[in-house]
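Written below as structure tokens is the structure these notes are about.
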Amino acid sequence: MNLFLTGGAGYVGSACLRHLLKNGHNAIAYDNLIEGNRGSVPGGRLVVGDIADVDAMADCMRSERIDAVLHFAAAASVPESIKNPEFYYRSNVLGTKGVLDAMRRSGVRRIIFSSTAATYGFHARMPMTEDAPQTPQVPYGSTKLAAEWLIKDYAKAYGMGYTIFRYFNASGADIDGEHGEDRRDESHLIPLALAVAVGRRPRLLIFGDDFETQDGTCVRDYIHVDDLAQAHELAVESLEPGMGRAFNLGSGTGVTVLEVLRACEEAVGFPINHEIVDRRPGDPGVLIACPQRAMRQLGWSPRYTDIRQIVGSAWRWRRTHPDGYREPAEPAIEVDALYAGR
Ligand code: UDP
């Protein structure tokens, strides 16, 4: 199929892009490169542009005869969303509306959307199934839920089909060690712990040890980025206009922050400097997915479910790329060049 990946130079988007290319699809990344990395996208597969630019997306979808859109582009940091909700509503809600409008204009009728466990908010019952009430507690979760509503309403009115994936904690790096997680402004646990290990940060801050969990630190469900990529491939291949589905993507097991830290120390082979500090606003104590629906309905089977495998892959990449991505050898196609004279 011909696939258009917004945010296709980002962490999860680029892992899916590479996976889809490897499995015989024709896919291009559309990314503004604010958080994305050119080096994460194979040569000639990148169109540089913003999801605020509906015309550019519609032109690209038309000229590339796109069959389905995978919409990854988003702002995705919980703490930043609390400080700057305006940017989150603009990127995640208006941005999604722009993607849907470009699809309408160019006649694309399938969308796969990257949503999040943060749309559920705080719940006592774990693991979380897809029919748990969606009561987000932070702007990141609210904006992703609003985007889900947009997609559902557009799909019903305009004959589109959608798959919504609610990711739990996307983590790890390509198993081949060539690609990994590299953001300008990192807020996630595993890359921050490994940044301390390579000497790029002085210490890891652990946000709270007074939660009601086995060791007092937060429990999360870490899911390998290659397993997310497999779910996207299965969804793309089975999605038809008129269909509407939502799936949790997690491993089904919970791991505490201290257990992640121990796994990181085991991978790197030495202690990682850390300090326990106050809770971070908006952090639920426990988030664990029930992934049964995706397994049953898509035939999804996550492969890298042990936190040591996940952290090990992240470390293989970080150890060999302490400075993250460098410029790739092959030039990208610039959107201005592609659509010059439009
Ligand atoms: N965390 C932490 N220190 C950090 C970053 C994260 O203790 O520097 C904790 C955070 O409180 C949460 C878990 O690690 O319990 C995972 O956080 P992350 O930001 O990676 O993902 P989130 O669960 O917010 O999507």
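Source: prediction; values computed, not measured. Numbering of ligands and ligand atoms starts at 1, following listing order.
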Heavy-atom closest pair, residues Thr129 and Tyr120: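 Nearest heavy atoms, Thr129 then Tyr120: O-OH, 3.7 Å.
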Closest non-hydrogen atom pair, Asn248 against Trp300: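 Taking Asn248 first and Trp300 second, the nearest heavy atoms are O-CZ3, 4.4 Å.
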Rounded distance [0.5 Å steps], CZ in Arg18 versus CG in Asp176: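 If we round to the nearest 0.5 Å, Arg18:CZ and Asp176:CG are 7.5 Å apart.
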Positive for side-chain contact (heavy atoms from CB on, under 4.5 Å) with Tyr140, one of Ile82, Leu145, Asn92: Asn92
Nearest protein heavy atom to [atom], by residue and atom, and its distance?
atom	value
atom 7 (O) of ligand 1	Phe207 N, 3.0 Å
atom 9 (C) of ligand 1	Val257 CG2, 3.8 Å
atom 13 (C) of ligand 1	Tyr222 OH, 3.8 Å
atom 11 (O) of ligand 1	Asp283 OD2, 2.5 Å
atom 17 (O) of ligand 1	Arg280 NH2, 3.5 Å
atom 3 (N) of ligand 1	Leu205 O, 2.6 Å
atom 23 (O) of ligand 1	Arg220 NE, 2.8 Å

Between His179 and Ser40, a side-chain donor and acceptor under 3.5 Å: no
Of the listed options Thr217, Ile190, Asp209, Asn169, closest to atom 22 (P) of ligand 1 (non-hydrogen atoms): Asn169
Side chain to side chain, Asp226 and His19, heavy atoms closer than 4.5 Å: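 No, their side chains stay 4.5 Å or more apart.
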Below 4.0 Å, non-hydrogen atoms only: which portion of [X] touches ligand 1? Side chain, backbone, both or neither.
X	answer
Leu189	both
Ala118	neither
His188	both

Taking only heavy atoms of [X], which atoms of ligand 1 are found under 4.0 Å from at least one of them?
X	answer
Cys218	15 (O)
Leu192	8 (O)
Ile206	7 (O)
Ser187	5 (C), 19 (O)

Arg262 with Glu259: basic N within carboxylate O range, under 4.0 Å: no
Arg308/Asp306 ion pair, N-O < 4.0 Å: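 Result for this pair is yes, salt bridge flagged.
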Centroid-centroid under 6.0 Å between Phe113 and His232 rings: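 So the answer is no for these two rings.
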is_close_aromatic(Phe4, Tyr30), centroid dist under 6.0 Å: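 Centroid distance Phe4-Tyr30: below 6.0 Å, so yes.
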Within-shell test, Tyr140 vs ligand 1, heavy atom, strictly < 4.0 Å: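 Flag not set, Tyr140 not near ligand 1.
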